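These values consider heavy atoms only, across backbone and side chains, with no hydrogens, waters or symmetry-generated copies. The structure presented is a predicted model; accordingly, all values stated were derived computationally and were not measured.
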Amino acid sequence: MSMKLLAVGDLHLGRLPTRLPESLGLPLQELAPAGVWDRIVDCALQERVSAVLLAGDIVESDDDFFEALPRLRVGIQRLSDAGIRVLGISGNHDGEVLPSLAEQLPAFELIGAGGNWQSITLTDGGESVDLWGWSFPAIHYDANPLSAFPGRQDSRLTLGLLHCDRDQAGSRYAPVTGADLKDTGLDAWLLGHIHQPDTLGLDQPTGYLGTASPLDASETGPRGPWLITIENDRLTDWRHCLLAALRWERLDVDLTGVDERSGVDGRLVEALERLAGELTVTPSQPRAVGLRLRYTGTSDIVSGQLPAALGREAVSGLPGAEHIAAFVESTTVDLRPRIDLATLAEREDHPGLLARRLLILERSAEDPERRALIDSAVTHVRTVADNSQWRRLGTPPEGSTEVADQLRQAGQDALRAMLNQQADTQ
């Protein structure tokens, strides 16, 4: 006999994904957290789990009360009718609204209401598990909730459910440390709040579950709940169920050795086919994948020779998985010229000067010359952006990583153009 639990990270019901092209042609609600909630319910029923555990931020905000209520009610009722318990904690987004929602949903069990630790015992399939939970009492909570943790009270398998900010001293969102979690002696901690999932498994059963469905383009990689199996009072299986209908991916296309426009398409198709192979190995496949495309490698091709059609509005079937809609959200060019930058930097002409600047960008983030170069670029861009005729182009980048990427791309394009021009005049 065994017991199965389905652990769900941040849902944010009421929120819609951003940066999707209008031409996508798919129902937005299906790609939103509301759509993955329906898939989670289906998965729980199919796997015959004993309970669904929700790690906070189930609802985006107080304003989403009436939108979230019907969706939650239908799903929770389906689970309850099948004998599946639904338990959860509130996070910083829904610390004030979730208790009200719980009153409208009798089958939903809110754990640790009001910032008080609470333990519930789950029993099914000949197995018993203690579950500790703590809920945000408000939007912010500056103290460490584990300072008041009572401690495990039984030798049976014990899990914790907590919405917190791990290893972030001074955080206003229930700051804890990894050492704090370990010192409790619990067998696993299922964490909410941080959207990037940890690499969880039997050898690492404590960490962030991540968002159940991506909320913006930065949340790349697999998304969905975690299926946990318990046998003989111990964890025996831990699996990430990739249920999100929308997926964001960083896709690197290596153009090493490609110097003609005709060779780019082949490399791009190869990269897309590899991605399709990765996405189609799971039973529940995404309906759409947004790509953050990056051209890499050593090549003298310039940005203007790269496919111009791959804009954010371009939507088509993913090669090798035509039933999955694919679109490019952004394109970054990070190509090195064939000539070695260090060798080129020894020259005293303009290409040599530019090569020296590019080498500075490759240094660590703490390097003072690199910081000065980036700060100078930010100051210049802000000055230009303040001009009314450029404001409609949007807010300029300010993060050091984003600025460095744009400087590198512009510098590499300029360097290739200079070298090609010199070759033409010889």
Side-chain angles (χ1 to χ4, degrees), residues 5 7-15 33 37 51-69 71-73 75-76 79-80 85-122 129-154 158-166 168-177 180-181 183-186 188-195 206 208-209 211-212:
L5 306 174
V8 183
D10 301 36
L11 264 174
H12 290 279
L13 290 174
R15 187 165 167 179
W37 168 243
V52 173
L53 312 178
L54 303 172
D57 282 1
I58 302 167
V59 180
E60 170 67 11
S61 68
D62 294 1
D63 296 336
D64 300 300
F65 178 96
F66 291 105
E67 180 177 348
L69 180 60
R71 205 89 185 204
L72 279 172
R73 188 193 302 278
I76 291 174
L79 295 170
S80 179
R85 296 174 70 175
V86 183
L87 310 97
I89 57 174
S90 60
N92 55 291
H93 274 263
D94 55 10
E96 296 178 347
V97 68
L98 200 59
S100 300
L101 269 173
E103 292 178 0
Q104 305 296 321
L105 303 168
F108 172 67
E109 303 175 55
L110 178 62
I111 310 175
N116 298 302
W117 284 101
Q118 180 184 358
S119 176
I120 291 178
T121 300
L122 303 173
V129 177
D130 284 344
L131 178 68
W132 280 98
W134 179 93
S135 286
F136 263 72
I139 297 175
H140 298 111
Y141 193 84
D142 300 340
N144 182 344
L146 290 176
S147 62
F149 181 65
R152 66 185 303 163
Q153 299 175 347
D154 199 287
T158 305
L159 312 179
L161 197 59
L162 181 62
H163 200 89
C164 63
D165 213 353
R166 183 186 60 196
Q168 297 296 320
S171 170
R172 303 185 68 192
Y173 303 106
V176 303
T177 68
D180 293 333
L181 295 166
D183 289 345
T184 63
L186 268 59
W189 279 99
L190 311 173
L191 305 181
H193 183 60
I194 298 301
H195 291 184
T206 289
Y208 285 106
L209 303 171
T211 45

Residue pair E96, I139: steps toward the side chain to side chain contact (heavy atoms under 4.5 Å, CB included) verdict: CA-CA 7 Å; E96 296 178 347; I139 297 175; 4.0 Å; yes
Taking the side chain from D57 and the backbone from D10, do they hold a donor-acceptor pair closer than 3.5 Å? no
Donor-acceptor contact below 3.5 Å, side chain D94 vs main chain V59: yes
Any donor-acceptor pair under 3.5 Å from S135 side chain to I111 backbone: yes
Are any non-hydrogen side-chain atoms of E109 and Q118 less than 4.5 angstrom apart? no
Is a side-chain donor-acceptor pair under 3.5 Å present for N92 with H163? yes
Pair N144, S147 - check side-chain hydrogen bond (donor to acceptor under 3.5 Å, both in side chains), show working. CA-CA 6 Å; N144 182 344; S147 62; 5.3 Å; no
Donor-acceptor contact present, side-chain S90 to main-chain F136, <3.5 Å: yes
Which heavy atom of A55 sits nearest to which heavy atom of I89, and what is that distance? C-CG1, 3.7 Å
Distance check, rounded to the nearest 0.5 Å: E60 atom CD versus R15 atom CZ? 5.0 Å
Can you tell me how far the CD1 atom of I120 sits from the CG atom of L159, to the nearest 0.5 Å? 12.5 Å
Taking all heavy atoms of A174 and all of C164, pick out the closest pair and write down the distance. O-CB, 3.2 Å
Could you check if a side-chain atom of S61 sits within less than 4.5 angstrom of a side-chain atom of V97, using non-hydrogen atoms only? no
Verdict with reasoning, Y173 to Q168, per side chain to side chain contact (heavy atoms under 4.5 Å, CB included): CA-CA 9 Å; Y173 303 106; Q168 297 296 320; over 6 Å; no
For H195 and H12, work out which heavy atoms get closest and say how close. NE2-NE2, 3.3 Å
For the student: nearest non-hydrogen atoms of W37 and G75, plus distance: NE1-CA, 3.9 Å
Rounded to the nearest 0.5 Å, how far does CG of L161 lie from CG of L186? 11.0 Å
What's the separation between atom CZ in R85 and atom CG in L5, rounded to the nearest 0.5 Å? 10.5 Å
Derivation and outcome, side chain to side chain contact (heavy atoms under 4.5 Å, CB included), residues L162 and L181: CA-CA 10 Å; L162 181 62; L181 295 166; 4.3 Å; yes
Looking at Y141 and P175, what are the two nearest heavy atoms and their distance? O-CD, 3.7 Å
Looking at L105, L98, L87, L54, which hits side-chain contact (heavy atoms from CB on, under 4.5 Å) with L110? L98
To the nearest 0.5 Å, how far apart are CZ in F108 and CD1 in I76? 6.0 Å
Is it true that W132 and T184 share a donor-acceptor pair across their side chains at a distance under 3.5 Å? no
Return the minimal non-hydrogen interatomic distance between P145 and W134, and the atom names on each side. CB-CE2, 3.6 Å
For the side chain of T206 and the backbone of W189, is there at least one donor-acceptor N/O pair under 3.5 Å apart? yes
Output for pair (L101 CG, I58 CD1), nearest 0.5 Å, gives 8.5 Å
